[in-house]
Amino acid sequence: MSSKLIGVGVGPGDPELVTVKGVNALRAADVVVVPVMAAADGTDGGERGRAEATVLHYVSEQKVLRVVFALNERSDRERREAAWDAAGARVAGLLARHDTVAFATIGDPNVYSTFTYLAHTIGELVPGTVVETVPGITAMQDLAARSGAVLTEGTEPLTLVPVTAGSAVLKDALNGPGTVVAYKFGRQAAEVAEALRDSGRIEDAVWGSALGLDAESIRPAADLEGEPLPYLSTLIAPARRDGTRGGKL
């Protein structure tokens with residue numbers, strides 16, 4: 001029988017936001033892989049990431065395997081590809097010895113997730129591997145709940161933008177209809193604040209980081225002064241609304 005690789009979304013960091021199905025998948029797997037950030041020499045940097053910290057609330061440390069991924073490599077494509085190949089080869093080795101390998105990823109495995117690249121690599125290295133995903137709660141959902149921001153009403157669209165694609169993409173979204181959510185904008189906080197002000201949407205916008213963790217910070221976007229923010233910061237700029245109930249039905 002073919003081995004199985006399961007991408008399990010473990011939410012944005014709060015262990016209570018892992019779904020029952022996600023917990024069951026982690027516990028049923030033979031081994032749970034968690035991605036870790038590489039040090040300058042490409043080895044395990046030793047830092048415990050959010051995915052690993054969350055997983056350890058539900059499975060024993062002996063069952064968890066840390067695998068180095070090029071999570072922080074954005075400029076050197078050759079180095080990044082080499083790291084991906086090495087990580088894929090290691091997971092392929094696990095699949096040769098185990099029936100089920102789970103890969104834990106923060107948020108959802110189908111939304112800007114490391115798992116997407118791993119699944120692609122495994123598809124080439126171990127043809128026939130069964131690949132499944134267990135959805136996870138996303139940072140935008142968690143921030144909406146904690147801040148009281150409503151993501152969508154009636155016919156409003158919802159646009160999710162990774163600001164690593166450039167501030168111009170965010171500006172285009174803000175000038176359109178509906179709610180805009182921005183991910184990965186910590187290093188470009190100044191450009192994000194400028195785009196919000198230029199579009200007239202800063203007053204209702206909210207940003208948050210380290211949601212559900214001790215270092216949690218949730219503030220109005222109007223408080224942004226351009227200082228760098230944590231990389232995994234989330235912004236919600238709600239749609240323009242007239243205040244009437246069901247105004248966009």
Side-chain angles (χ1 to χ4, degrees), residues 1-37 44 47-69 71 84 87-146 151-152 158 160 181 183 208-216 232 234:
M1 294 180 64
S2 299
S3 54
K4 182 184 296 184
L5 175 65
I6 305 177
V8 181
V10 296
D14 183 346
E16 292 186 342
L17 292 181
V18 184
T19 67
V20 173
K21 186 171 184 177
V23 172
N24 289 340
L26 293 172
R27 290 176 174 169
D30 299 304
V31 61
V32 179
V33 173
V34 293
V36 298
M37 193 172 293
D44 186 340
E47 181 180 350
R48 177 172 288 176
R50 292 191 196 181
E52 181 179 5
T54 304
V55 166
L56 290 175
H57 280 79
Y58 298 104
V59 301
S60 67
E61 192 168 358
Q62 291 71 29
K63 190 174 181 175
V64 176
L65 180 66
R66 295 164 57 93
V67 174
V68 175
F69 283 80
L71 302 175
W84 278 112
R90 191 166 186 195
V91 174
L94 293 173
L95 288 165
R97 303 191 302 273
H98 300 286
D99 292 331
T100 304
V101 175
F103 180 90
T105 177
I106 60 171
D108 182 277
N110 294 304
V111 180
Y112 300 129
S113 169
T114 305
F115 181 74
T116 303
Y117 311 117
L118 175 63
H120 179 81
T121 303
I122 292 301
E124 295 179 341
L125 294 177
V126 193
T129 299
V130 176
V131 177
E132 298 178 356
T133 58
V134 177
I137 292 174
T138 61
M140 65 177 167
Q141 291 170 290
D142 195 13
L143 179 57
R146 293 176 188 275
L151 287 172
T152 56
L158 174 65
L160 177 59
V181 175
Y183 278 180
S209 63
L211 302 174
L213 306 177
D214 291 341
E216 176 180 283
L232 292 177
T234 301

**Q** What's the separation between atom NE2 in H120 and atom CG in L125, rounded to the nearest 0.5 Å?
**A**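 Going from NE2 on H120 over to CG on L125, the span is 9.5 Å.
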**Q** For T133, which residues count as a side-chain contact (heavy atoms from CB on, under 4.5 Å) partner, sequence neighbours excluded?
**A**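 side-chain contact (heavy atoms from CB on, under 4.5 Å) list for T133, sorted by chain: P109, N110, F115.
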**Q** Quick check against the 3.5 Å criterion: does D30 have a side-chain atom that pairs as donor or acceptor with the backbone of V101?
**A**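 It does not hold such a pair.
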**Q** Taking everything shown except Y117 itself, do over 12 heavy atoms lie less than 6.0 Å from its OH?
**A**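 No, OH of Y117 has 12 or fewer neighbouring heavy atoms, counting only those of other groups under 6.0 Å.
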**Q** Measure the spacing between CD1 of I122 and OG1 of T129 and express it to the nearest 0.5 Å.
**A**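 Here the rounded value is 6.5 Å.
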**Q** Are side-chain heavy atoms of V181 and L151 found at a separation under 4.5 Å?
**A**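 When only atoms from C-beta onward are counted, L151 and V181 do touch, with a gap below 4.5 Å.
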**Q** Once rounded to the nearest 0.5 Å, what's the spacing between atom OG1 of T54 and atom CD1 of I106?
**A**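 One gets 8.5 Å once the value is rounded to the nearest 0.5 Å.
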**Q** So, for A104 and L26, which heavy atoms are closest and what is the spacing to 0.1 Å?
**A**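 Shortest heavy-atom contact: CB-CD2, 4.4 Å.
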**Q** How long is the span from the CG atom in L211 to the CD atom in Q141, to the nearest 0.5 Å?
**A**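 Between atom CG of L211 and atom CD of Q141 there are 12.0 Å.
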**Q** Between K63 (side chain only) and R27 (backbone N and O only), is there a donor and an acceptor less than 3.5 Å apart?
**A**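 The answer is yes, because a donor-acceptor pair under 3.5 Å joins these two groups.
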**Q** Looking only at heavy atoms, which two atoms of G88 and L118 are closest? And how far apart?
**A**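 Smallest heavy-atom distance, with atoms named: CA-CD1, 4.2 Å.
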**Q** If only atom types and distance count, is the side chain of D108 paired as donor or acceptor with the main-chain N or O of T138 below 3.5 Å?
**A**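 Absent.
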**Q** Can you list the steps and then say if T114 with F103 is a side chain to side chain contact (heavy atoms under 4.5 Å, CB included)?
**A** CA-CA 9 Å; T114 305; F103 180 90; 4.0 Å; yes
**Q** Is there a side chain to side chain contact (heavy atoms under 4.5 Å, CB included) between R97 and V31 once you walk through the steps?
**A** CA-CA 10 Å; R97 303 191 302 273; V31 61; over 6 Å; no
**Q** Which atom names give the shortest non-hydrogen contact between A29 and V32, and what distance separates them?
**A**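 Closest heavy-atom pair between A29 and V32: CB-CG2, 4.5 Å.
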**Q** To check you understand the geometry: which heavy-atom pair defines the closest contact between L143 and G208, and what is its length?
**A**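 Scanning both residues completely, I find the closest heavy atoms to be CD2-N, 3.8 Å.
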**Q** Output the distance between atom CD (E52) and atom CD (E61), rounded to the nearest 0.5 Å.
**A**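 Rounded to the nearest 0.5 Å, the CD-CD separation comes out at 7.0 Å.
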**Q** Would you say that L232 contacts R50 through its side chain, given a criterion of any heavy-atom pair below 4.5 Å between the two side chains?
**A**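 With C-beta onward as the side chain, the pair touches.
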**Q** Hey, does the side chain of S2 reach the backbone of G128 with a donor-acceptor pair shorter than 3.5 angstrom?
**A**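 Yes; at least one donor-acceptor contact below 3.5 Å.
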**Q** For a quick test of reading the model, state the closest non-hydrogen atom pair linking R90 to R66 and the distance between them.
**A**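 Shortest heavy-atom contact: NH1-O, 3.2 Å.
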**Q** For residues 10-19, which side-chain donor-acceptor pairs fall under 3.5 Å, sequence neighbours excluded?
**A**
{"from": "D14", "atom 1": "OD1", "to": "E16", "atom 2": "N", "distance (Å)": "2.9"}
{"from": "D14", "atom 1": "OD2", "to": "R146", "atom 2": "NH2", "distance (Å)": "3.0"}
{"from": "T19", "atom 1": "OG1", "to": "G22", "atom 2": "N", "distance (Å)": "2.9"}

**Q** How long is the straight-line distance from OH of Y183 back to CG of L160, given to the nearest 0.5 Å?
**A**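 It comes to 5.5 Å.
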